[in-house]
Amino acid sequence: MTINASIIQQFQDRLRGRLVLPEHEAYDEARRVFNGLVDRRPAMIVRCAGVADVIAAVDFARESALPIAVRGGGHGVTGSAVGDEGLVIDLSPMRSVWVDPRQRVARAEGGATWGDFDHETQAFGLATTGGIVPSTGIAGLTLGGGIGYLNRKHGLACDNLLSVDVVTAEGRLVTASADEQPELFWGLRGGGGNFGVVTSFAYRLHPVGPVLGGELVYPLERAGEVLRFYRDWSTTAPDEVRADATLLSGPKGPVLDIKMCYCGPLEEGEAVLRPMRAFGAPLLDSVAPVPYARVQNLLTEVFQPGRLHYWKAGFMRAFGDDAIDALLEFFVADTPAPFAAIAIEHLGGAIGRVGAQDTAFAYRQAQHGVLVLRMWQDPAESAANIAWGRRCFRAVASFLEEGAYVNYLGDEGEARVRAAYGANLARLVALKNEYDPANVFRFNQNITPTAGG
């Protein structure tokens, strides 16, 4: 679609931020996202300086029949922050975070990352559940549910939301909370970016001082017995513990790596973590009292922007010995060059004490999730690496629930998207019909409105 140059200029004149077009020098950098596998060419990118720019961009897109992609941190593995031939509303210049330490509330703009958020809240010894890589945007993670190292103690990121400001497809700014627009507030906690552009989030904060954090590393030949012990120990661990076990093909060869975070009294944590740390003679034990931000940075070097990624994931239905055997059989027989991982993520606790219909995030009862992750740098190796990821997922699929965590879902087809929203799909479709019947916001794990809304 070609848009008249004078109309584009009129649009630019309405903005305080910058309009980036394909002919501009900054275009290629502006369309780049975390996953280097993604190479899309939007019609235009609006680098928003504030809410007024977001409203102007939504209005222009609607009037010009352009679909909208929304970029917060740009960290989503599908690259939905950009879309071919659409308009990108780039919130990355809007990264301010304000903290009220007495009320234990933080308000953050939609372009903030978890690194930004933790930097401000930890100045007051406070935090909330957030992404485990600092470059992850708060928006995408929270709207899809939001697991993180504090999820067993304090619930998901979306469980700690107090309110959001949203620009709808009609270009209206509304506030959604338990008291205002409660149905929209329900849908934004797990329904992704289907209903509008969230320009700010207000979160409940919790005291989080030094934590016990670090990792245990085991040789691959010990992985079977260690994973069985980990399974039993993690399932009965107190809520203060999150411990993720990962079969990892790293620079020094394949290992089992367990990353741990205990957010509670340190002396109690030493006793809680001792059985796991004492089992199996780890090659490395780096667990120690550290600032929470140190734990949040454990994966920073691994998840460098620009590398190529392929992920597949699901919630574990039963983490039995047969599942462990299947994971190990595949990984030992088909271990690729670095970097590849099968991560067992530690869920349960506070996540499961919220009802499946209380928020749009429905999968509350799983004690563990599985993330198959393949990362590489040479585009010529993409087909082989994607094939490995698919083989790996097939090896574990029979042990997983039908649904999936929206934030880990790849481009896997409509049926898989529907399964990810689970029992809440019909209610989400009704909400989509109300707030975006034309499906303007469709560069996402899309909830398709019914014909005519």
*Asks:* Apply the test salt bridge (Lys or Arg N to Asp or Glu O under 4.0 Å) to residues Glu402 and Arg317: give CA-CA distance (whole Å), side-chain angles for both, the deciding distance (0.1 Å), then the verdict.
*Replies:* CA-CA 9 Å; Glu402 179 183 358; Arg317 182 177 65 250; over 6 Å; no
*Asks:* Going through the distances and angles, do Arg95 and Asp116 end up as a salt bridge (Lys or Arg N to Asp or Glu O under 4.0 Å)?
*Replies:* CA-CA 7 Å; Arg95 295 174 62 169; Asp116 300 327; 2.8 Å; yes
*Asks:* Taking atom types as modelled and ignoring hydrogens, do the side chains of Thr450 and Asn433 form a donor-acceptor contact shorter than 3.5 angstrom?
*Replies:*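 There is such a pair between these side chains.
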*Asks:* Please report the shortest heavy-atom distance between Leu156 and Gly145, naming the atom on each side.
*Replies:*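 Smallest interatomic distance, heavy atoms only, reads CB-O, 3.4 Å.
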*Asks:* Give, for atom CZ of Arg152 and atom CZ of Arg353, the distance between the pair rounded to the nearest 0.5 Å.
*Replies:*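 Rounded to the nearest 0.5 Å, the CZ-CZ separation comes out at 8.5 Å.
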*Asks:* Please lay out, stage by stage, how Phe34 and His309 fare under the test ring-ring contact (aromatic ring centres under 6.0 Å, His included).
*Replies:* CA-CA 9 Å; Phe34 166 76; His309 289 257; 4.5 Å; yes
*Asks:* Could you walk me through whether Glu215 and Lys259 pass salt bridge (Lys or Arg N to Asp or Glu O under 4.0 Å), step by step?
*Replies:* CA-CA 4 Å; Glu215 57 189 324; Lys259 289 185 170 58; 3.3 Å; yes
*Asks:* Rounded to the nearest 0.5 Å, how far apart are CG of Leu212 and CZ of Arg277?
*Replies:*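 Atom-to-atom, Leu212:CG and Arg277:CZ are 7.0 Å apart.
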*Asks:* Hydrogens and angles aside, do His154 and Thr128 bring a side-chain donor and acceptor to less than 3.5 Å of each other?
*Replies:*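 Short answer, no.
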*Asks:* Test Thr246 against Asp257 for side-chain hydrogen bond (donor to acceptor under 3.5 Å, both in side chains), laying out the working first.
*Replies:* CA-CA 5 Å; Thr246 303; Asp257 180 284; 5.3 Å; no
*Asks:* Roughly how far, to the nearest 0.5 Å, is the OH atom of Tyr292 from the CG atom of Leu126?
*Replies:*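 The OH atom of Tyr292 is 11.5 Å from CG of Leu126, to the nearest 0.5 Å.
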*Asks:* May I have the step-by-step check of side-chain hydrogen bond (donor to acceptor under 3.5 Å, both in side chains) for Tyr230 and Glu225, ending in yes or no?
*Replies:* CA-CA 9 Å; Tyr230 161 83; Glu225 60 182 309; over 6 Å; no
*Asks:* Does the side chain of Asp436 pick up a donor-acceptor pair with the side chain of Asn194 at under 3.5 Å?
*Replies:*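 The criterion, which ignores hydrogens and geometry beyond distance, is not satisfied for Asn194 and Asp436.
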*Asks:* Among Leu143, Ile447, Asn444, which residue satisfies the side chain to side chain contact (heavy atoms under 4.5 Å, CB included) criterion with Phe195?
*Replies:*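 Going through Leu143, Ile447, Asn444 one by one, the side chain to side chain contact (heavy atoms under 4.5 Å, CB included) with Phe195 is satisfied by Ile447 alone.
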*Asks:* Begin from the C-alpha positions of Leu256 and Val217 and carry the test side chain to side chain contact (heavy atoms under 4.5 Å, CB included) through to its verdict.
*Replies:* CA-CA 6 Å; Leu256 173 66; Val217 178; over 6 Å; no
*Asks:* Return the SG to CD distance between Cys261 and Gln296, rounded to the nearest 0.5 Å.
*Replies:*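 It is 7.5 Å, given to the nearest 0.5 Å.
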*Asks:* Is any side-chain heavy atom of Ile386 closer than 4.5 Å to a side-chain heavy atom of Leu37?
*Replies:*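 The answer is yes, as the side chains (C-beta and beyond) meet within the 4.5 Å cut-off.
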*Asks:* Classify the ring geometry of Phe303 against Phe339: parallel below 30°, tilted from 30° to 60°, perpendicular beyond 60°.
*Replies:*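 Perpendicular: the ring planes of Phe303 and Phe339 meet at over 60°.
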*Asks:* Is the NZ or CZ atom of Arg307 positioned over Trp376's six-membered ring, under 6.0 angstrom from the centre and within 45° of the axis?
*Replies:*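 The answer is no, since Arg307 fails at least one limit relative to Trp376.
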*Asks:* Are Phe330 and Trp388 close enough that their ring centers fall under 6.0 Å?
*Replies:*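 Centroid separation for Phe330 and Trp388: below 6.0 Å.
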*Asks:* Could you walk me through whether Arg47 and Ser92 pass the side-chain hydrogen bond (donor to acceptor under 3.5 Å, both in side chains) test, one step at a time?
*Replies:* CA-CA 7 Å; Arg47 305 204 72 228; Ser92 60; 3.0 Å; yes
*Asks:* Any sub-3.5 Å donor-acceptor pair from Tyr203's side-chain atoms to Ser163's backbone N or O?
*Replies:*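 Answer holds: no.
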*Asks:* Any side-chain heavy atom of Phe315 sitting closer than 4.5 Å to one from Leu400?
*Replies:*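 In short, these two side chains do not touch, never coming nearer than 4.5 Å.
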*Asks:* Please lay out, stage by stage, how His206 and Asn160 fare under the test side-chain hydrogen bond (donor to acceptor under 3.5 Å, both in side chains).
*Replies:* CA-CA 10 Å; His206 310 276; Asn160 289 281; 2.7 Å; yes
*Asks:* Any non-hydrogen side-chain atom of Leu216 less than 4.5 Å from a side-chain atom of Met260?
*Replies:*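 A side-chain contact exists here, since the closest heavy-atom pair is under 4.5 Å.
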*Asks:* Where do Asp39 and Arg31 land on the salt bridge (Lys or Arg N to Asp or Glu O under 4.0 Å) test, with the steps shown first?
*Replies:* CA-CA 8 Å; Asp39 182 20; Arg31 69 186 181 90; 2.5 Å; yes
*Asks:* Does the side chain of Asp244 reach to within under 4.5 Å of the side chain of Ile258, using non-hydrogen atoms?
*Replies:*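 Heavy-atom side-chain distance check fails, nothing below 4.5 Å.
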*Asks:* Any cation-pi pair here, Arg189 with Phe185, using under 6.0 Å and within 45°?
*Replies:*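 Yes - Arg189 lies over the ring of Phe185, closer than 6.0 Å to its centre and within 45° of its axis.
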*Asks:* Would a line drawn from the ring center of Phe319 to the ring center of Trp233 be shorter than 6.0 Å?
*Replies:*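 That pair fails the under 6.0 Å test.
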*Asks:* When you check the side-chain N and O atoms of Asn35 and His75, is any donor under 3.5 Å from an acceptor?
*Replies:*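 Result is no, nothing qualifies.
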